[in-house]
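Model, not experiment: these values are computed from the prediction.
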Amino acid sequence: RVVASTGAGVVFARTWWRPPEPGVRTALGAARSRVVGQLFFETLLLGSIAAAAGLAGAYTALRYIKGSFEGWPFWITLEPNPRIVAFVVVLTLLVSMVSGLFPALRVTRHDLRNALQAGRGFAFGGFGKGGAFLLVVEVALSVALLNGAVTMARAFNSYIQDVPALPKNQVLTANLGRIASPESRDKIVEAAKSLPGVVAAGAGQLLPRLYPPPRPTAIEPMGDEPRMAAQPAPSHAVANGYLEAIGAQSLSGRLFVASDFIKGAAPVAVVNAPFVEKFLGGRNPIGRRIRIERPREDGSQEPWYEIVGVVPDLGLSVGDPALVAGFYIPVRDEFLYYLAVRTTVDPLKLAPQLRAAVASVDPDLQLEEVRTLEDAGREDRAFLSGVALALTSMGGMALALSIVGIYALLSFMVTRRTREIGIRVALGAKNWQVVRSITGGASVHLMIGGILGTVLGLLFAQMRAVILISIPAPGVWMPATIFLTLAIAGGVACWVPARRALSIRPSEALNAD
């Protein structure tokens, strides 16, 4: 899109200011359809070359990114896709129509006299509303695209960052797959605990860094505290022994004990340290109660959970720093599909024994995705690393190409006003007055485009909830930095051609077409 729009701006301007040539050709007997067709074909040919170059460059870059990351998922291919090629073809046709066909129809409307006068007339205001609109759209889409690319790249990078509190090279994980029942799960956990070198074992709803969806969570007020509105917080259902298996250390209170998992036991919860800071302002959480403000399937309310302990951040949620604060709740009769086993030996050497222990409980159950905790989700993290690098690179490329396109567009506008500049200088106008008259309109268009692009980027950020991963809010600094960068580039793009035009002598400017 950026490659196409960069070339489209210049082609649009060039076609828009070709009234003399089409007018003369029409006067000499050329049919209007033939003139329009040739102008459109010229634009289509240039657009096709740009599209082919962009498509080839994109595939080359993506294949390089894929080869740069170890553990790239085998099911993700980067081969040419007919849908992508079809999309590029449609986009090329659309850009050719906007930048070639419509201006060609416009410039061939004039008769010969008007066409020749248009070719030698003044160019106050650049090339009119069409060029101004194109400039605004170019800037707006560039800012919005770069905002979205940087936001997504930040989110993906957070998914591959290390979690300091998790044990290193000590935990073996597995997916229990089609487990028969919670009772079968508990027997498998007990069988895993009996293996030599095993310190702890347990089952959980998810493994660390596998994002659970946040749920609206409320804190029960104490005394004269005002009731706070529910805030989103991820929760993780675990069985007995899971927190110990992933290396959880109690910072305050206690971890879950066997009695917490007995049917009819009082509901309890263990929160992480970020939860204490976000929901309680660092105050003592032990004994406080929390509740998920979401009705159950039968219409009843979730119970109040008493906080009994605090643990460090164990990668309960990644991506959006605002959603790191979360909690764990014990479950008994729910299916939990992830097994975690902490050992004092090499975890991978324990894998055959773990498979044998599972087979002794349920011969039909096959463990899946048996790997260390560091390698759990490795393919996803490798893919997200590649996507983050690709988005950052493409965002930077979009900005660079946009700057080039804006410079070319504004340079063409100033070039078309060479006669006007020469007359103004000859009549005694100051250089700063000429520069202001030239750059004033373009600056306004750049400002409008930058504001629209920033708004589009912020609207994208508000759609984070519909995406399956947690994306941090972009804040103010990132859109402001992108907008400032493009504003400086646009200012330079206005200033350089204007200074070049001022260096031309008035006599040469008056002879310019």
Are the side chains of [X] and [Y] in touch, meaning some heavy atoms are under 4.5 Å apart?
| X | Y | result |
| --- | --- | --- |
| I329 | Y305 | yes |
| L367 | L354 | yes |
| L280 | P285 | yes |
| I292 | S235 | yes |
| V311 | Y328 | yes |
| P347 | V341 | no |
| L314 | I246 | yes |
| Q353 | P196 | yes |

Can I get a per-line list of side-chain donor-acceptor pairs under 3.5 Å for residues 237-244, giving both atom names and the distance, sequence neighbours left out?
unit_1, atom_1, unit_2, atom_2, d
Y242, OH, L206, O, 2.8

Inter-residue atom distance [X].[atom1] - [Y].[atom2], 0.5 Å rounding:
| X | Y | atom1 | atom2 | answer |
| --- | --- | --- | --- | --- |
| D313 | E277 | CG | CD | 12.5 Å |
| Q366 | L176 | CD | CG | 12.0 Å |
| Q170 | T372 | CD | OG1 | 11.5 Å |
| R371 | N175 | CZ | CG | 9.5 Å |
| L350 | R355 | CG | CZ | 11.5 Å |

Could you go through the side-chain contact (heavy atoms from CB on, under 4.5 Å) check for I307 and F279 one step at a time?
CA-CA 12 Å; I307 300 175; F279 284 81; over 6 Å; no
So N272 and H236, side-chain contact (heavy atoms from CB on, under 4.5 Å) or not? Walk me through it.
CA-CA 11 Å; N272 60 15; H236 191 162; over 6 Å; no
Side-chain donor/acceptor of [X] to backbone N/O of [Y], under 3.5 Å:
| X | Y | value |
| --- | --- | --- |
| T217 | R215 | yes |
| D186 | E183 | no |
| N169 | D346 | no |

Where is the tightest heavy-atom contact between [X] and [Y], given as atom of each residue plus distance?
| X | Y | value |
| --- | --- | --- |
| P234 | A325 | CD-O, 3.1 Å |
| T343 | V345 | OG1-O, 2.7 Å |
| L255 | A248 | CD1-O, 3.8 Å |
| A201 | V189 | O-CG1, 3.6 Å |
| L172 | L348 | CD1-CD2, 4.2 Å |
| L336 | A203 | CD1-O, 3.7 Å |

Between F327 and I290, is the side-chain contact (heavy atoms from CB on, under 4.5 Å) condition met? List the steps.
CA-CA 10 Å; F327 56 97; I290 60 177; 3.8 Å; yes
Might you work through the side-chain contact (heavy atoms from CB on, under 4.5 Å) test for L373 and L166, ending with a clear yes or no?
CA-CA 9 Å; L373 184 58; L166 291 175; 4.2 Å; yes
How about NZ on K168, more than 12 heavy atoms from neighbouring residues, nucleotides or ligands closer than 6.0 Å, or not?
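Enclosed.
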Run the salt-bridge test on D362 and R185 with the 4.0 Å N-O cut-off and return the result as yes or no.
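A salt bridge is absent here (no side-chain N lies under 4.0 Å from a carboxylate O).
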Quick one: which residue pairs count as a salt bridge (Lys or Arg N to Asp or Glu O under 4.0 Å) with a foot in residues 280-292, not counting sequence neighbours?
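Every pair satisfying salt bridge (Lys or Arg N to Asp or Glu O under 4.0 Å) with a residue in residues 280-292: E220-R289, E225-R283, E225-R288, R291-E293.
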Using the side chain to side chain contact (heavy atoms under 4.5 Å, CB included) criterion, which residues pair with V361? Sequence neighbours excluded.
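V361 satisfies side chain to side chain contact (heavy atoms under 4.5 Å, CB included) with S184, K187, I188, A191 once adjacent residues are dropped.
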